[in-house]
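Working notes, structure below.
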There are 2 protein chains.
Amino acid sequence: MSGGVWFPRLGLVAWLCFLSLGPAQGGKVLVLPVDGSHWLSMKILVKELNQRGHEVLVLVPDSSLLIHSSESFKTEVYPVSFSQADLDSEFDQLTDGLFAKSPQIHDILPNVERLVSFTTLQVEACESLLNNQPLMSRLRSGGFDLVLTDPFLPCGSVVSHLLSIPAVYFMNGLPCALDSKAILCPSPLSYVPVAFSGNTNIMTFPQRVKNVLMSFVESYMCKKIYGHFDDLVRKHVKEMTTYKELISHGAVWLLRSDFTTTWPKPIMPNVVFIGGINCAKKAPLPADLQEFVEGSGDHGFIVFTLGSMVSNMPEETAKQFFEAFRQLPQRVLWRYTGAPPKDLPKNVKLMKWLPQNDLLAHPKAKVFITHGGSHGIYESIYNAVPMLMFPLFGDQGDNVHHMVARGVAESLAIYDVTTEKLVTALNKIINIKSYKENMVKMSQVHLDRPVEPLDLAVFWTEFVMRHKGASHLRVAAHELNWIQYHCLDVIGFFIVILLTVVWLMLKCCSVCFHKCCKKEKAKMKKK
Amino acid sequence: MSGGVWFPRLGLVAWLCFLSLGPAQGGKVLVLPVDGSHWLSMKILVKELNQRGHEVLVLVPDSSLLIHSSESFKTEVYPVSFSQADLDSEFDQLTDGLFAKSPQIHDILPNVERLVSFTTLQVEACESLLNNQPLMSRLRSGGFDLVLTDPFLPCGSVVSHLLSIPAVYFMNGLPCALDSKAILCPSPLSYVPVAFSGNTNIMTFPQRVKNVLMSFVESYMCKKIYGHFDDLVRKHVKEMTTYKELISHGAVWLLRSDFTTTWPKPIMPNVVFIGGINCAKKAPLPADLQEFVEGSGDHGFIVFTLGSMVSNMPEETAKQFFEAFRQLPQRVLWRYTGAPPKDLPKNVKLMKWLPQNDLLAHPKAKVFITHGGSHGIYESIYNAVPMLMFPLFGDQGDNVHHMVARGVAESLAIYDVTTEKLVTALNKIINIKSYKENMVKMSQVHLDRPVEPLDLAVFWTEFVMRHKGASHLRVAAHELNWIQYHCLDVIGFFIVILLTVVWLMLKCCSVCFHKCCKKEKAKMKKK
């Protein structure tokens, strides 16, 4: 056979090898999403997987906020013990008081309790699923290759374990950095800021003191937040005792971030950054919006939303915004479901929903007024639009702090916003060039990547299906306990040896000394 | 303007933005390579950069082992103070005694001294370059965008600093893990084996004790190995005191490995894994080789080389190999420059050089006999050929240990190899299926990647040129000293506070106690 002939043959062998690996195309994916904004970006991956020939089944509780059936994937609705009204009211409690007063340090506990109350409801939904024997046995025999889930809620991980299917995690980060703790990622407190600490990666001595103190608070919060997750795990997964232990078995972690919104820090091999995955697909603007933004002239326009979950605000707060916008030459597109004022400024267009990414992609977009959710931030970075930010809850405070520190945003508190503050901040962002320049640089770095985030997410999801996990990326540290991990037993061993040596030396000295003394005494006696 | 029209315009804007970033195409790259096998894989990237429109200049000392001028890139030869004969003799000393006796623990120091003697010569070459004023001023005004270098030797990093050009590092790893130390990558000793420890990522208690002890040895070795590098840095880079500090400024580290040949461990954001970059390009076999390997029938053939630097061995050792091969049904291709024996076995073909990767790519390749250099290992993994390994020096011992632990290779010592040992080992690898099966699995994982290593290396090299560095990937820990990094000052502060509180409490108690006592005494007196 000539040299030129066996090359194609080798190609064929390699190809056959790959086929024998398992489902590169045509895998079966079971999806257990987290409701709310979390679902909006996961849906993009779910749709893409379906489009690339995988069979996707999304499990949806019958009371749900944003997860609905779709033509792009199959859904299976399962009954839960609470009503839609219960869910809505729990969610409303989460956002309660946001517009009323300044958040204080002692608000942390009530906030954690609200979060726990919300997730307790979701744990109930999970119990409903796990106790639904007909559904569970159908899932068990369903031949799924993968569970795709968001570990913000525990059900996906539990199901993945019970069905012995590898899990791919899709998320932005977990409260009290449980993701980082679960994958045993070293996060030195000297330059990795703890959530809610208000620190950046460069800290003064007092800031480092605060960071260390906040890490203790974080550990305490972890216990409060994940206590009922741990109970669920202990009940259904006999061989494990904590939720952290369960999720540490996730094959690959798709993290909706990158080093434009995260300070550089150590990472683990099974973490894949897919920040900006929600920005990929753009559509042309509807005719009326197109006309509105094009009509803004050189002044351009402002996009204003507070995320998928908050579309309203107290009348008095809204008034401050209306009055500020009235004073600006820019046009404003505002997602607002409250009652419009009688004298609505002519430059303001209120909408129940707006195509955020498509609007930000328009070259006339000047400022994005946002609550600082991770999706919106990436849309802003993707399209290089500086921001005015109003952090509301969760990780938004940290997101906003990071963007302000990078010089691409200004931040105001929503509870005491005034027309004057608004006008000053908006004029600053629009007229001082550095905001736009910094944002363009950040955008260029973010967009300059070897693989698009959606393709990367699909690749690693398929990788886990092909290889039935990603065990070569799992660190051996998971098999060690805390003492072993930190080599405290080795240090103890060295100390014991050192003490033994010192003791032996002292003993020798003492024996020698006694002998000498005896001889001296004997000599003295003789004399 | 309609919705469909401004999209192409936005595309144009984005495109113009990218053009304004700097040289995506047509950058100027200054290359300071490391001689020997290190150069062989770097050359692949250098050629590719040239082919993609970048202007590449490779600086070559006039005494050199493997770096020669090429049509694919420009070279500039600079005079050094030693002759080719000096260089050859220094290199021979490095491999001295390999075939004579078992390596012992007390051989570490002489081996380090040989390495230091070899690198001292290279530091001299660097001095020749740095003192070559005409050449240095030409480089200074050459408008280079990037220095591509291998930090195994210090010259590239020094030149990059003196010329204020960002550096991309291309390497496999540095002696005593200086790369890991320089980028401040956490490497917990409980599951990250220290070089030469003989440990894997899973360690028993005694192995962890050994690992910790070896880390002390490593620190000592670091001082010995890099002492004269530090001197060079202090002499030419006034504001820095160590070589480690200098290389910590590398923008991106292209590491010729991945998690098939490295145990999973934490990584840093500016490290890019390009393991297997040397396997990409394959050519058809020459007619005589093609005929030889095709004629091997179902038994297949064995490929045998000890790397680019060792092509010979003592007659007695060679005899053991010839006799072993005579007993095997496989054909053998052996890179051997010694005198062939009179009764050369018919199944053995000796060659001065052989196309290793092209041969391993042939489906009839059964075993690869190798010294365990990183290039050869990746060619073996790429083509899923199990190995018989003879580690000679440097990192080869650790490489071999890793491959044996993964069940894809057997290892023998070259100094006491016998015909019997050879035949047994080769038959084991060929006839026990697990070696091939494990290797196929490893190969599949290695080859299943979103971007080919060469493309990834080019991407990040161009990224650094476009953005004049990669500062967003540099951890802030570089600005901290050792005490700050480990928060020892914070811990000290807490201890002081704790002691103060305890002291104050004791003081209070003591005051109270005295007052009580006084009262008691007063009462007693009254009574």
Side-chain angles (χ1 to χ4, degrees), chain A residues 1-4 6-7 9-10 13 17-18 21 185-186 188-191 201-202 205 208-209 212 259-260 263-269 282 284-287 290 294 361-363 440 444-445 448 450-451 455-456 459 463 466-467 472-477 479-480 484-487 489-490 493, chain B residues 1-4 6-7 9-10 13 17-18 21 185-186 188-191 201-202 205 208-209 212 259-260 263-269 282 284-287 290 294 361-363 440 444-445 448 450-451 455-456 459 463 466-467 472-477 479-480 484-487 489-490 493:
Chain A
M1 194 187 272
S2 82
W6 67 262
F7 260 88
R9 211 185 84 193
L10 182 78
V13 170
C17 269
F18 268 95
L21 274 172
C185 182
L189 287 169
S190 50
Y191 70 98
N201 59 339
I202 297 168
F205 175 73
R208 278 190 295 118
V209 169
V212 173
F259 291 110
T260 53
W263 302 110
K265 66 186 193 84
I267 45 182
M268 295 309 265
K282 281 200 286 267
L285 291 174
Q290 182 69 26
E294 283 296 333
H362 195 285
V440 167
Q444 285 167 341
V445 167
D448 198 1
V451 187
D455 292 324
L456 206 57
F459 172 84
F463 182 100
R466 277 193 291 268
H467 301 276
H472 72 299
L473 301 179
R474 182 179 161 83
V475 291
E479 315 310 324
L480 303 172
Q484 292 168 327
Y485 178 88
H486 293 283
C487 281
D489 48 356
V490 176
F493 175 70
Chain B
M1 194 186 270
S2 83
W6 66 262
F7 261 87
R9 209 185 85 192
L10 182 76
V13 169
C17 270
F18 268 96
L21 274 172
C185 182
L189 287 168
S190 49
Y191 70 98
N201 59 338
I202 297 168
F205 175 73
R208 277 188 297 117
V209 170
V212 173
F259 291 110
T260 53
W263 302 111
K265 66 186 191 84
I267 44 183
M268 296 308 266
K282 281 200 286 267
L285 290 173
Q290 182 68 26
E294 283 296 334
H362 195 284
V440 167
Q444 284 167 342
V445 167
D448 198 0
V451 187
D455 292 325
L456 206 57
F459 172 83
F463 182 98
R466 277 193 291 268
H467 301 276
H472 71 300
L473 301 179
R474 182 179 162 84
V475 291
E479 315 310 324
L480 302 172
Q484 291 168 326
Y485 178 88
H486 293 284
C487 281
D489 48 355
V490 176
F493 175 70

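Below, chain A is the first sequence line, B the second, and so on; all start at residue 1.
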Can you say whether [X] sits under 4.5 Å from chain B via the side chain, the backbone, both, or neither, judging by heavy atoms?
{"X": "A:C487", "result": "both"}
{"X": "A:P188", "result": "side chain"}
{"X": "A:F459", "result": "side chain"}
{"X": "A:E479", "result": "neither"}
{"X": "A:L473", "result": "both"}

_Among B:L189, B:N201, B:L456, B:V490, which residue has the highest count of heavy-atom pairs closer than 4.5 Å to chain A?_
B:V490

*So which of B:L480, B:V451, B:D455, B:T260 has the biggest tally of heavy-atom pairs under 4.5 Å with chain A?*
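Of the candidates given, the most pairs with chain A belong to B:L480.
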
Heavy-atom distance under 4.5 Å between the side chains of [X] and [Y], does that happen here?
{"X": "A:W263", "Y": "A:I202", "answer": "no"}
{"X": "A:P186", "Y": "A:M268", "answer": "yes"}
{"X": "A:S190", "Y": "B:Q484", "answer": "no"}
{"X": "A:P284", "Y": "A:Q290", "answer": "no"}

*Under a 4.5 Å heavy-atom cut-off, does chain A meet the side chain of B:I267, its backbone, both or neither?*
both

*asked:* A:R474: which residues meet the side chain to side chain donor-acceptor pair (under 3.5 Å) condition with it, sequence neighbours left out?
replied: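 Here no residue qualifies.
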
*Only counting residues at least two apart or in another chain, list the ones meeting side-chain contact (heavy atoms from CB on, under 4.5 Å) with A:A477.*
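Checked A:A477 against side-chain contact (heavy atoms from CB on, under 4.5 Å); matches are A:L184, A:V475, A:Y485, B:Y191.
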
